[in-house]
Structures are given as structure tokens and as C-alpha cells.
There are 2 protein chains.
Amino acid sequence: MTSLKQIARDIGVSTATVSNALSGKGRVSEELATRIRTLASELGYRPSSAARALKTGQSGILGLVMPDLTNPLFPRIAQNLSIAAESRGLGILIADSRGDAARQDEALTQLVGRGVDGIVIVPQKGTSPVPDGIPAVVINTASDPRTTVSADHLGGGRQLGTHIAGLGHREVVLLGGDAVSEVQQDRIRGMIEGLGPDARHHVAWGEAGLDAVPHLIEGGATAVMATSDLIALGAHSRLSRAGLSVPGDVSLTGFDDLPLATAMHPELTTIAQDVQTIAEHALDVLARRIAGHAPDDPSLAVPMRLVLRTSTAVPRALSRQQETDQQGANS
Amino acid sequence: MTSLKQIARDIGVSTATVSNALSGKGRVSEELATRIRTLASELGYRPSSAARALKTGQSGILGLVMPDLTNPLFPRIAQNLSIAAESRGLGILIADSRGDAARQDEALTQLVGRGVDGIVIVPQKGTSPVPDGIPAVVINTASDPRTTVSADHLGGGRQLGTHIAGLGHREVVLLGGDAVSEVQQDRIRGMIEGLGPDARHHVAWGEAGLDAVPHLIEGGATAVMATSDLIALGAHSRLSRAGLSVPGDVSLTGFDDLPLATAMHPELTTIAQDVQTIAEHALDVLARRIAGHAPDDPSLAVPMRLVLRTSTAVPRALSRQQETDQQGANS
DNA sequence: TTGTAAGCGTTATCAG
DNA sequence: CTGATAACGCTTACAA
């Protein structure tokens with residue numbers, strides 16, 4: 001490893017001068033500076049991040065704590081965070097809390113121990129960890145008072161609900177994966193708001209909820225709204241097994257716009273997160289907190305975007321009636 | 001931040017003694033040692049990783065370079081690598097090359113600059129990067145001569161092919177996403193080997209290939225084998241749109257056993273990677289290389305596991321014939 | 001414009 | 001058994 005000292009000795013100056021020439025901070029004669037720079041690049045000099053971190057107290061590394069790395073959203077968050085971090089000259093250290101709240105704290109202290117400058121947390125369902133004495137931001141959902149930034153899950157649900165109600169559905173099944181998740185609770189609350197007071201709804205959770213779907217449809221429901229695309233796919237599977245077609249017999253919506261949303265048939269009407277904006281904002285706030293500003297930023301809910309595809313339609317009864325109306329008008 | 005020096009001063013000994021007491025290296029009287037340890041934990045002492053890294057020349061951090069963080073396999077690799085790393089006291093710094101070979105090299109030097117001790121690379125399709133002077137392992141596929149460890153994509157394809165041939169299929173569509181990918185090429189080669197010489201096959205790629213599926217089925221094919229579960233889902237969508245049922249009219253297989261494999265209907269017969277073993281082995285080899293051993297380990301192909309579900313069956317023509325045979329036998 | 005020197009927190013060597 | 005002390009590579013006043 002070539003060091004500053006190395007270069008300094010080779011060229012016959014002091015390490016301070018080399019440091020200054022390379023960083024452009026102190027004043028160094030242009031002639032000397034270029035000589036130093038060329039030698040440095042010839043030698044393939046790389047500053048030691050350890051030494052720099054030791055001296056400056058900043059590692060240039062951020063920690064990312066995810067509740068579960070296999071969470072389908074993780075790749076998108078990781079990617080956008082990684083891009084946003086890179087443009088700020090920062091690196092990202094990952095830690096997995098594997099669905100366990102205790103491990104989450106462990107991961108947190110692990111990262112702190114590794115000297116990260118700040119932490120991005122996507123909390124475990126139902127928890128709100130408090131990292132001690134290190135700048136942090138939380139990406140969760142609006143109803144978590146500690147959240148820094150989040151997708152507007154409530155508003156997203158509302159858009160979806162409005163869409164379904166607007167099509168004429170008046171009895172709807174709301175399907176969640178895990179009732180403990182605040183994110184999913186917010187999504188469902190939003191859906192209910194969007195559906196409005198005229199629509200009846202049944203909320204069902206998990207595998208049992210999934211299995212209950214055909215029964216609920218028989219009972220008169222004409223639409224199924226899931227809190228994730230994967231759950232929607234599962235519902236679709238139950239429906240076709242029961243001989244029910246989408247969107248003919250029942251309309252279906254998902255959440256998150258995962259790749260599978262366009263791979264299934266019919267393509268899934270769903271709602272997309274603006275992960276890029278979320279990542280950018282999270283890092284902006286985090287950078288500010290690392291710089292020592294008071295954490296007085298209001299929490300931000302980034303709007304979600306409705307993606308209309310072919311899994312939703314006017315309910316069959318209504319569409320027949322419309323046809324009849326039209327025939328009546330034409331005759 | 002409490003430092004060794006801090007503790008040393010408080011207790012009236014030298015930093016060296018504190019260091020020794022805490023690490024258990026040098027011999028320190030039991031009485032003093034416990035006194036030091038209790039004070040340390042009271043003060044919440046955390047060793048500075050920067051200082052340690054500077055001194056020892058080891059950061060305890062590994063870099064992970066992925067071709068594209070949104071690759072559906074990334075979460076599983078990341079998680080298993082992260083678990084394996086944690087148990088070795090190492091951290092993982094991620095870098096995304098975003099589908100771009102140039103960025104891949106950039107990511108590599110980035111990580112090196114951050115002082116990682118070693119690198120795990122999942123290469124960009126069709127590339128084989130050579131990190132300069134830093135221990136590294138490559139996770140790709142057996143036909144890449146630089147691969148350190150990989151799933152046995154060839155063998156996996158072979159198992160799947162054998163299964164399909166065993167059911168009696170004699171004309172099969174092989175569906176890949178991107179012909180540039182060595183992984184997918186290996187999977188398809190394996191499938192062909194498994195199908196054996198008696199079966200005809202058509203290889204098709206990408207979106208166009210997907211669209212050609214119904215036509216190929218009309219032409220007499222009775223099974224579709226995809227190089228990923230997501231592609232299989234896409235094929236399923238095309239099939240049902242064409243009024244063809246799975247596995248009634250056509251058998252369907254995927255690859256990787258993603259969560260969606262069990263969410264679709266019928267559940268997908270596919271093949272699973274033993275990502276855990278792959279991660280463990282990658283880190284074992286990497287640790288050995290970091291420790292300075294010659295990189296003479298033979299490359300390892302970890303067997304894949306066939307997951308039989310309900311998307312594959314005996315071809316219709318054959319099953320009718322069997323019924324007839326049976327009726328004949330019974331009469 | 002350049003050099004000197006101190007110090008970041010650890011660890012390792014070598015005396016005491 | 002314990003303590004000085006140097007050293008890792010870098011930054012940054014401050015002095016020349």
C-alpha cells in the first residue's frame with residue numbers, strides 16, 4: 001500500500017504538503033502539486049479510509065437495518081439508497097434483523113460498533129427502535145410517530161379504494177398479510193376511507209383470510225383488495241381454483257407494483273411507491289442530522305402512484321345492468 | 001466516546017494493560033482485569049473500529065458486488081451472506097453495478113477504496129471482472145472458469161429435464177430471459193441434457209419468446225420450461241390467455257423457487273438453490289484467501305433441489321391413452 | 001509556499 | 001504481571 005509518507009519521501013517533501021496537494025486544501029505551488037499528483041496516480045495511491053476515519057471521526061459509511069432482507073421491497077430500497085449514497089460519497093453496510101425484534105437492536109449496536117456515521121432503519125413490524133446517540137432516520141409509515149419518511153400508504157390505499165368504489169363495487173374483501181404491521185394497517189385504513197361509507201367491507205388476515213376469499217365472494221363481495229402484490233397473486237390462485245375469473249367475476253388489486261404484477265394474467269392493478277424520492281429524502285435528512293442539525297424535520301409521506309391495469313373492472317351485475325340500460329335507450 | 005485511554009486514566013493503569021485485559025491477550029491479574037472490564041461496560045466502552053483497522057490493517061468488512069440489486073436472487077444471497085458474515089464477525093458493504101459492466105469496475109474500486117478486506121462478486125451477465133490485488137470470490141456458474149462457487153445450474157436443469165421427460169413429454173419449449181447470461185445458458189443446456197435425445201426442444205428468449213409460446217404449443221409442444229419462476233409466471237399468463245390450462249394442456253416449470261412459486265395456481269414445479277451453502281462456502285474460501293492462502297481451491301457447484309409441485313403432469317394424450325389401456329385391462 | 005508536530009484509538013514490542 | 005512507547009496513515013494548526 002502506498003501511503004502519503006511514501007510519496008513524500010520519494011519526492012522529497014513533507015507528508016503535509018502531499019496531503020495538501022492531493023486534497024487541494026492548503027496552498028501548494030502548481031508545479032509541485034502536479035508533480036505530486038502524477039506520482040500518486042502512478043503509484044496507484046489510495047488514501048487509507050481507516051486512517052482518515054480515525055482522524056476525522058467520520059467513516060463515510062451508513063448502516064441499513066432491514067426487518068428481513070427477503071422482504072420483496074428490500075431490493076428496491078437497497079438499490080435506491082445505494083445510488084443516493086454513492087452520489088454523496090457514502091457507502092452502505094447492511095444488517096438483517098431476520099424478523100426478530102431483539103436481533104434488530106443487536107444489528108443496530110453492531111453497526112454502531114463498526115463506526116457507521118448514521119443509520120437508516122426500516123423497522124420490524126410493530127416496533128420502533130431507538131438507536132442511542134447516533135443519527136438515524138426511520139422509514140416506516142405515517143402512523144408511526146418516529147417515522148422520518150415513508151410512502152403514503154394511507155393515501156395509496158385511499159386511491160385504490162376510490163378506484164374500486166368508482167367502478168361500482170359495494171362489497172369488498174380487504175386482505176392483509178399480518179395484522180401486526182403498521183404499514184398494512186395504514187394501507188387497509190386508506191382502502192376503507194377510499195371505498196367510502198356506502199361500501200361494505202370484510203377485513204381478513206393471513207393464510208386463513210386467503211382461504212376465506214371464495215366464501216366471501218359467494219357471500220356477495222365483488223372485489224378483493226390485497227395489501228401486497230404477492231398476496232393478490234395468492235388470492236388470484238384461490239379464485240381460479242374456485243372457478244372465479246378476474247376481473248369478470250371479481251376485481252383484484254395489489255400493492256407495491258412488484259415485477260410479478262405484470263407477469264400475471266390479468267396484469268394487476270396496483271399502486272407503486274416512489275422509492276427513489278423516499279431514499280433521497282431519507283439520506284438528505286440523515287446527512288443533516290449527521291452534520292449536527294436538530295432533528296426537527298417534519299415527517300414526510302411521499303405520494304403513491306395508482307397503476308391501472310386489467311385486473312379491475314365494473315362488477316358483473318352492474319355491467320349487465322348498464323348493457324340493459326343502453327339497450328333500453330337505443331330502442 | 002470512551003476510549004482505552006479514558007479507562008486507563010480513570011483506573012490509573014496504562015492503556016496497554018486495559019487493552020490486554022479486555023482482549024485477554026497479555027497476562028493481567030484477574031483482580032485488575034475484572035475491575036477494568038466492569039468499568040468498561042459501565043462506561044459503555046466500544047472499541048473504535050477505525051483505530052483497530054488502522055493498526056491491524058483489517059477492516060472486518062467485506063464488499064458485495066451485485067449486477068443489479070433488483071435481481072430477485074439478491075435478497076436471498078444478501079441475507080445468507082450477511083448471516084454467514086455475521087457469524088465470522090464481519091460486516092457487508094453493498095455495491096450495485098446496475099446492469100452496467102463499467103459500473104461494476106467502478107463499484108469494485110469503490111469498495112477497495114473503502115478498505116474492505118475482501119470482495120464477493122456476482123458478476124454482470126457475460127463479464128468476468130478481475131479485482132486487482134484484493135482477495136475475492138466469484139459466485140456465478142460452473143461454465144465460468146473464474147467462478148469460486150455456484151449453484152449447479154446445469155445439474156438443476158438436468159433434474160428438471162429428466163422429470164419432464166419421465167412424465168412422457170417429447171416436445172418441449174425452453175424459455176430464457178436473456179441469451180447473454182451464462183447462468184441461463186447453463187440451465188438450458190442442463191434441461192436439454194435431462195430431456196435426452198428422444199425429446200425435441202425449441203429454445204426461445206425474452207419477451208418475443210414468451211409471446212411465441214402459445215404458437216409453439218399449438219405446434220405440438222406439451223411442456224414449457226423457463227429459466228426463472230418469473231418467466232414461468234409470464235408464460236402461464238400467456239397460456240391462460242390462449243385458453244390453455246396448466247398442467248392439463250401443458251406442463252410448466254420454473255427456476256429458483258421464489259415466493260411467487262407457491263402463490264400462483266397451480267403451484268410451480270421448480271428447482272431451489274441452496275443459497276446458504278453457497279454463501280458459507282464463498283465466505284470460507286474468501287476468509288482463506290484473506291488469510292493469505294493461495295487461491296487454489298477447486299470451484300464448487302452446489303447441487304440444486306427439485307421441488308415437485310402441481311404445475312407438471314403426464315401429457316394429456318398420454319394420460320388418455322393410459323386410461324384406455326387401463327379400461328382395456330379391466331374389461 | 002512548505003515543513004513540523006501533534007494526535008485520533010489501537011495494538012505490539014520490549015523493558016521494568 | 002504491568003507500563004512506556006512507538007507505530008499504523010492521515011489531517012490540521014501553526015511555525016518557518
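Each chain gets a letter, A, B and so on, in the order the sequences are listed, and its residues count up from 1.
The side chain of B/P47 has C/dT10 as its nearest neighbour among D/dC10, C/dT11, C/dT10. When each of D/dT11, D/dT2, D/dG9 is scored by its nearest atom to the side-chain atoms of A/A51, the top-ranked nucleotide is D/dG9. Closest to the side chain of B/S48, from the set D/dG9, C/dT2, C/dT10, is C/dT10. With D/dC8, C/dT1, D/dA4 as the candidates, the nucleotide lying closest to the side chain of A/S29 is C/dT1.
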Inset, instruction - State the dot-bracket string of DNA chain D. Criteria: Watson-Crick or G-U wobble, both atom distances under 3.5 angstrom; notation: ( ) intrastrand, [ ] crossing earlier pairs, | interstrand, . unpaired. - result: ||||||||||||||||
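Phosphate proximity of C/dG9 to B/R52: absent, as no side-chain N or O sits under 4.0 Å from OP1 or OP2.
Salt bridge status for B/R76 with B/D257: absent, with no side-chain N to carboxylate O gap under 4.0 Å. Ionic pairing of A/D297 and A/R289 is present here: one or more N-O contacts between side-chain nitrogen and carboxylate oxygen are shorter than 4.0 angstrom. Using a 4.0 Å cut-off between charged nitrogen and carboxylate oxygen, B/D10 and B/K5 do not count as a salt-bridge pair.
Rounded to whole Å, the distance from NZ on A/K25 to P on C/dG3 is 20 Å. In this structure, the CG atom of A/L4 is 13 Å from the P atom of C/dG3, given to the nearest Å. We find that CD of A/E31 is positioned 12 Å from C1' of C/dT1, with the value rounded to whole Å.
Heavy atoms of A/K5 sit under 4.0 angstrom from primed sugar atoms or phosphate atoms, though from no base atom. Nucleic acid contact class of A/R27 (heavy atoms, under 4.0 Å, all strands): base.
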Legend entry - Check against side-chain contact (heavy atoms from CB on, under 4.5 Å), B/I61 and B/R114: CA-CA 9 Å; B/I61 293 184; B/R114 290 202 182 285; over 6 Å; no
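Only B/T15, B/A16, B/S19, listed by number, bring a heavy atom of residues 15-24 of chain B to less than 4.0 angstrom from any atom of DNA chain C.
Here CG of B/L283 is found 6.0 Å from CG of B/L62. Values are rounded to the nearest 0.5 Å.
Annotation: ring pair (Phe, Tyr, Trp, His ring centres under 6.0 Å) contacts involving residues 2-27 of chain B, sequence neighbours excluded, are absent.
Closest approach of A/G177 and A/Q184 over heavy atoms only: N-OE1, 2.6 Å.
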